Amino acid sequence: MKSFNERCYEVLMKVPKRRLTTYKEIARAIGTKAYRAVGTAMNKNPYSPKVPCHRVVNSNGEIGGFAFGVDKKIKMLKAEGVFIKNGKIADFEKVFYRFK
DNA sequence: CTAATGACATTTG
DNA sequence: ACAAATGCCATTA
């Protein structure tokens, strides 16, 4: 049986570039309501490039947090073509990736 | 085992 | 609309 964290990484890996997801959505994809714990898992994410932890934001469209600094996170997202407005995602609904 | 902690979310004032 | 309080669940000490 895989650990909670690995499950998070597994689903998060499915998120394509230029797309974003939320902590809650990831939890939902796994089949739990522990979105809080998802954040904890991301913080310790051992698979840095493989798992795009920077593509995870808050449900309200705000950036959220990042282990290496929020500014860094924003930078990376912008580099992928995601526009950010006032520390929030522009057209969040459009780029939001919902798991199936 | 108990307590403390956090990259969250929702409700309330 | 904004800030504070509450609830939440896995992880870690």
Side-chain angles (χ1 to χ4, degrees):
Chain A
M1 147 184 190
K2 297 189 168 210
S3 67
F4 180 84
N5 302 39
E6 289 185 32
R7 287 193 188 278
C8 295
Y9 307 141
E10 222 175 305
V11 294
L12 178 54
M13 236 185 298
K14 298 177 188 171
V15 180
K17 298 182 195 294
R18 286 168 188 273
R19 284 302 186 81
L20 300 175
T21 189
T22 68
Y23 299 93
K24 188 176 183 185
E25 178 60 19
I26 290 176
R28 193 184 67 77
I30 297 174
T32 178
K33 298 143 194 77
Y35 39 80
R36 193 79 181 275
V38 172
T40 306
M42 293 304 106
N43 184 31
K44 294 181 190 156
N45 169 34
Y47 315 83
S48 51
K50 200 151 161 66
V51 177
C53 47
H54 58 280
R55 295 185 198 143
V56 188
V57 298
N58 291 2
S59 291
N60 59 358
E62 292 186 9
I63 301 303
F66 195 61
F68 300 97
V70 183
D71 48 339
K72 199 82 174 179
K73 184 172 180 179
I74 295 175
K75 233 169 148 188
M76 295 174 74
L77 289 175
K78 280 178 132 188
E80 288 189 352
V82 178
F83 283 81
I84 299 180
K85 175 136 191 169
N86 276 347
K88 295 184 185 174
I89 306 299
D91 300 318
F92 178 55
E93 298 292 331
K94 288 187 179 179
V95 294
F96 177 72
Y97 181 84
R98 188 170 240 263
F99 293 101
K100 178 160 24 52

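Just so we're on the same page: letters track the sequence lines, and every chain starts at 1. From a predicted model like this one, the values you see are computed outputs, not experimental measurements.
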Closest listed nucleotide, where the reference is the side chain of [X] and the choices are [options]:
{"X": "A:F4", "options": "C:dT11, B:dA9, B:dA7", "answer": "C:dT11"}
{"X": "A:R36", "options": "C:dG7, B:dA7, C:dA10", "answer": "C:dG7"}
{"X": "A:N43", "options": "C:dG7, C:dA10, B:dA7", "answer": "B:dA7"}

Could you give the [atom1]-to-[atom2] distance, from [X] to [N], as a whole number of Å?
{"X": "A:I74", "N": "B:dA7", "atom1": "CD1", "atom2": "P", "value": "16 Å"}
{"X": "A:K2", "N": "C:dA10", "atom1": "NZ", "atom2": "C1'", "value": "18 Å"}
{"X": "A:K73", "N": "B:dA7", "atom1": "NZ", "atom2": "C1'", "value": "6 Å"}
{"X": "A:Y9", "N": "C:dA10", "atom1": "OH", "atom2": "P", "value": "15 Å"}
{"X": "A:I89", "N": "B:dC8", "atom1": "CD1", "atom2": "P", "value": "14 Å"}
{"X": "A:K72", "N": "B:dA7", "atom1": "NZ", "atom2": "C1'", "value": "16 Å"}
{"X": "A:N86", "N": "C:dC2", "atom1": "CG", "atom2": "P", "value": "11 Å"}
{"X": "A:I26", "N": "B:dC8", "atom1": "CD1", "atom2": "C1'", "value": "11 Å"}

*Is the distance from OP1 or OP2 of C:dA10 to the nearest side-chain N or O of A:N5 less than 4.0 Å?*
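The answer is no; no side-chain N or O of A:N5 sits under 4.0 Å from OP1 or OP2.
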_Short side-chain N/O contact from A:T40 to OP1 or OP2 of C:dA10, under 4.0 Å_ =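 No.
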*Taking N and O atoms by type only, does the side chain of A:Y23 place a donor or acceptor under 3.5 Å from a partner on the base of B:dA7?*
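Such a pair is found, so the answer is yes.
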*Mapping A:K24 and A:N45 to their closest nucleotides on DNA chain B, which lands nearer the 5' end?*
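Here A:N45 is the residue nearer the 5' end.
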*Determine, stepwise, if the pair A:R28 / A:E25 fulfils salt bridge (charged side-chain N to carboxylate O under 4.0 Å, His left out).*
CA-CA 5 Å; A:R28 193 184 67 77; A:E25 178 60 19; 2.7 Å; yes
_Can you tell me how far apart CG (A:L12) and CG (A:N5) are? Round to the nearest 0.5 Å._
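One gets 12.0 Å once the value is rounded to the nearest 0.5 Å.
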*To the nearest 0.5 angstrom, please state how far the NZ atom of A:K14 sits from the OH atom of A:Y97.*
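These two atoms lie 7.5 Å from each other.
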*For A:N58, answer base if it contacts any base atom (sugar-phosphate contacts may also be present), sugar-phosphate if it contacts only those atoms, and nothing otherwise; contact means non-hydrogen atoms under 4.0 Å.*
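Sugar-phosphate contact only - A:N58 comes under 4.0 Å of backbone atoms but never of a base.
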*May I ask you to check whether over 12 heavy atoms, not counting those of A:F68, lie within 6.0 Å of atom CZ?*
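Not more than 12 within 6.0 Å, no.
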*Of A:K44 and A:A34, whose nearest nucleotide on DNA chain C comes first from the 5' end?*
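Of the two residues, A:A34 wins.
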*Answer whether the closest heavy-atom distance between the side chains of A:C53 and A:Y47 falls below 4.5 Å.*
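Counting from C-beta outward, A:C53 and A:Y47 never come under 4.5 Å.
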